[in-house]
Amino acid sequence: ANAHVHSNSWGGSGNSYSSMAQDMDRFSWENPTVLVLVPAGNSGSGGPGTIEDPATAKNILSVGASVNGANLGARAYFSSQGPSFDGRITPQVLAPGHGVDSANSDGNLSTFQCSDDIYSTGVEGMSGTSMACPVVAGAAALVRQYFREGFYPTGDRNVADQRSNQHISSALVKGMLIHGARLLDGTGPSYADGFGLIDLSS
């Protein structure tokens, strides 16, 4: 379908290199322009090493959750933490995932429409790394558009600098999101926060 961003708001359990993680790595290797995004999991209150597969995969972008609103930037208490089973930093980035409202299906598969009600468990919205993951997927689509429409390297749209989808690798998009992330403590990446909160302006 010519899609280049694959967002998955689901996962398994346990900090291991599961068959699901292996499948995602294989898919990413065989489809180098498709960025696969996976939520880190919601076991962060258990401390370090609570990352959940398939966020343990190596070729995907794993996403943790930050707090929303006035405290934007602080990692949400439930957001699973690294290191991965083999010592890697994961999640790699954070995005708002606490108290998030989003679209809800109208329940009719033939209409392809949302309902009038937001997808929410109440006035505070829903919380979880599964809510943060689509935020980063949207950011990934904007990074791809930035290259596709020729904004790089000048910052202005230039037809001569436009790239086709086949010349925008998932590694490039992943690298841009990680490189542009804002470190939460200002000192460096960590197993809890990864490389920080996504920041498209960077």
Side-chain angles (χ1 to χ4, degrees), residues 1 3-68 74-100 102 119 121 126-141 143-144 169-179 181 183-184 188-198:
H4 296 278
V5 178
H6 194 291
S7 182
N8 306 273
S9 282
W10 41 263
S13 60
N15 186 349
S16 65
Y17 194 55
S18 66
S19 60
M20 193 184 328
Q22 293 174 43
D23 287 343
M24 289 190 172
D25 276 343
R26 184 180 303 108
F27 175 86
S28 297
W29 175 258
E30 294 172 353
N31 299 275
T33 64
V34 181
L35 180 61
V36 177
L37 298 98
V38 178
N42 302 319
S43 302
S45 57
T50 52
I51 196 77
E52 299 174 3
D53 78 272
T56 54
K58 301 171 185 179
N59 297 332
I60 54 96
L61 182 62
S62 61
V63 180
S66 72
V67 177
N68 217 351
R75 181 179 48 85
Y77 73 92
F78 56 79
S79 185
S80 289
Q81 305 174 43
S84 64
F85 66 96
D86 56 354
R88 287 176 288 116
I89 292 176
T90 183
Q92 283 101 36
V93 294
L94 303 179
H98 186 268
V100 175
S102 64
Y119 187 62
T121 56
M126 293 189 73
S127 296
T129 58
S130 287
M131 299 301 281
C133 191
V135 174
V136 181
V143 170
R144 287 192 61 83
S169 70
S170 61
L172 173 62
V173 176
K174 178 179 176 180
M176 292 291 285
L177 289 167
I178 289 174
H179 182 69
L183 295 169
L184 299 191
S190 71
Y191 289 130
D193 303 331
F195 294 88
L197 187 69
I198 59 165

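Note that the numbering runs from 1 along the sequence shown for the chain.
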Novice: Return the set of residues passing side chain to side chain donor-acceptor pair (under 3.5 Å) with Asn59 (not counting sequence neighbours), or none when no residue passes.
Specialist: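 Testing Asn59 for side chain to side chain donor-acceptor pair (under 3.5 Å), a comparison that skips the adjacent residues, returns none.
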Novice: Do you know the tightest heavy-atom contact between Gly99 and Asn68?
Specialist: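 Result for this residue pair: O-ND2, 3.6 Å.
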Novice: Quick one: salt bridge (Lys or Arg N to Asp or Glu O under 4.0 Å) pairs with a partner in residues 53-65, sequence neighbours left out?
Specialist: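 Pairs touching residues 53-65 that pass the test: none.
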Novice: With distance as the sole test, does Ser28 use its side chain to make a donor-acceptor pair with the main-chain N or O of Ile60 at under 3.5 Å?
Specialist: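 Side chain of Ser28 to backbone of Ile60, a donor-acceptor pair under 3.5 Å: no, none is there.
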Novice: Report the residues that fulfil side chain to side chain donor-acceptor pair (under 3.5 Å) with Thr33, sequence neighbours left out, ordered by chain and then residue number.
Specialist: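 Residues passing side chain to side chain donor-acceptor pair (under 3.5 Å) with Thr33: His4.
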Novice: Is there a side-chain contact (heavy atoms from CB on, under 4.5 Å) between Val93 and Leu197 once you walk through the steps?
Specialist: CA-CA 6 Å; Val93 294; Leu197 187 69; over 6 Å; no
Novice: What residues, two or more places apart in sequence or in another chain, satisfy side-chain contact (heavy atoms from CB on, under 4.5 Å) together with Ile89?
Specialist: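 So Ile89 forms a side-chain contact (heavy atoms from CB on, under 4.5 Å) with Pro189, Tyr191, Phe195.
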Novice: Restricting to side-chain contact (heavy atoms from CB on, under 4.5 Å), what partner residues turn up for Thr90, sequence neighbours left out?
Specialist: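 If we apply the side-chain contact (heavy atoms from CB on, under 4.5 Å) test to Thr90, skipping adjacent residues, the hits are Ile51, Ser62, Ser84, Gln92.
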Novice: Taking only residues two or more places apart in sequence, or in another chain, which ones meet Asp193 in a salt bridge (charged side-chain N to carboxylate O under 4.0 Å, His left out)?
Specialist: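 With neighbours one apart ignored, the set is Arg75.
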Novice: Looking at CG of Asp25 and CD of Glu30, how far apart are the two atoms once the value is rounded to the nearest 0.5 Å?
Specialist: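 CD of Glu30 is found 11.0 Å from CG of Asp25.
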Novice: Strictly distance-based, threshold 3.5 Å: is any side-chain N or O of Lys174 a donor or acceptor partner for the main-chain N or O of Leu35?
Specialist: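 Between the backbone of Leu35 and the side chain of Lys174 there is no qualifying donor-acceptor contact (under 3.5 Å).
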Novice: Applying side chain to side chain donor-acceptor pair (under 3.5 Å), name anything that partners Asp23, two or more places apart in sequence or on another chain.
Specialist: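 Residues passing side chain to side chain donor-acceptor pair (under 3.5 Å) with Asp23: Arg26.
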Novice: Can you name the closest pair of heavy atoms from Ala65 and Leu94 and give their distance?
Specialist: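 Heavy atoms of Ala65 and Leu94 come nearest at N-CD2, 3.8 Å.
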Novice: Side chains of Met24 and Asn8: closer than 4.5 Å at any heavy-atom pair?
Specialist: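 Yes; the side chains approach each other to less than 4.5 Å.
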Novice: Check the pair Trp10 / Met20 against side-chain contact (heavy atoms from CB on, under 4.5 Å), numbers first and verdict last.
Specialist: CA-CA 11 Å; Trp10 41 263; Met20 193 184 328; 3.1 Å; yes
Novice: Residues in side-chain contact (heavy atoms from CB on, under 4.5 Å) with Ser9, at least two apart?
Specialist: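 In terms of side-chain contact (heavy atoms from CB on, under 4.5 Å), with neighbours along the sequence ignored, Ser9 is linked to Ser130, Cys133, Pro134.
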Novice: Mind listing the closest non-hydrogen atom pair of Pro91 and Gly82 along with its distance?
Specialist: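 That closest heavy-atom pairing would be CD-N, 4.2 Å.
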Novice: Can you name the closest pair of heavy atoms from Gly64 and Ala132 and give their distance?
Specialist: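 Scanning both residues, the minimum pair turns out to be O-CB, 3.5 Å.
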Novice: Go through the structure and list residues passing side-chain contact (heavy atoms from CB on, under 4.5 Å) with Val143, not counting sequence neighbours.
Specialist: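 Applying side-chain contact (heavy atoms from CB on, under 4.5 Å) to Val143 gives Phe147, Val173, Met176, Leu177, Leu200.
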Novice: Looking only at atom types and distance, does a side-chain atom of Ser170 sit under 3.5 Å from a main-chain N or O of Pro32, one as donor and one as acceptor?
Specialist: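 Side chain of Ser170 to backbone of Pro32, a donor-acceptor pair under 3.5 Å: yes, one is there.
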Novice: Quick one: salt bridge (Lys or Arg N to Asp or Glu O under 4.0 Å) pairs with a partner in residues 79-88, sequence neighbours left out?
Specialist: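 Only Asp86-Arg88 qualify under salt bridge (Lys or Arg N to Asp or Glu O under 4.0 Å).
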Novice: Which label fits His98 and Phe78: parallel for a plane angle under 30°, tilted from 30 to 60°, or perpendicular past 60°?
Specialist: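 Ring orientation, 0 to 90° scale: parallel.
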Novice: Give the table of side-chain donor-acceptor pairs shorter than 3.5 Å for residues 36-49, with sequence neighbours excluded, one pair per line with atom names and distance.
Specialist:
unit_1 : atom_1 : unit_2 : atom_2 : d
Asn42  : OD1    : Thr129 : N      : 2.9
Asn42  : OD1    : Thr129 : OG1    : 3.2
Ser43  : OG     : Glu52  : OE2    : 2.3

Novice: My understanding is that only residues two or more places apart in sequence, or in another chain, count here; which of them pass side chain to side chain donor-acceptor pair (under 3.5 Å) with Gln81?
Specialist: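 Side chain to side chain donor-acceptor pair (under 3.5 Å) check on Gln81 returns nothing, list empty.
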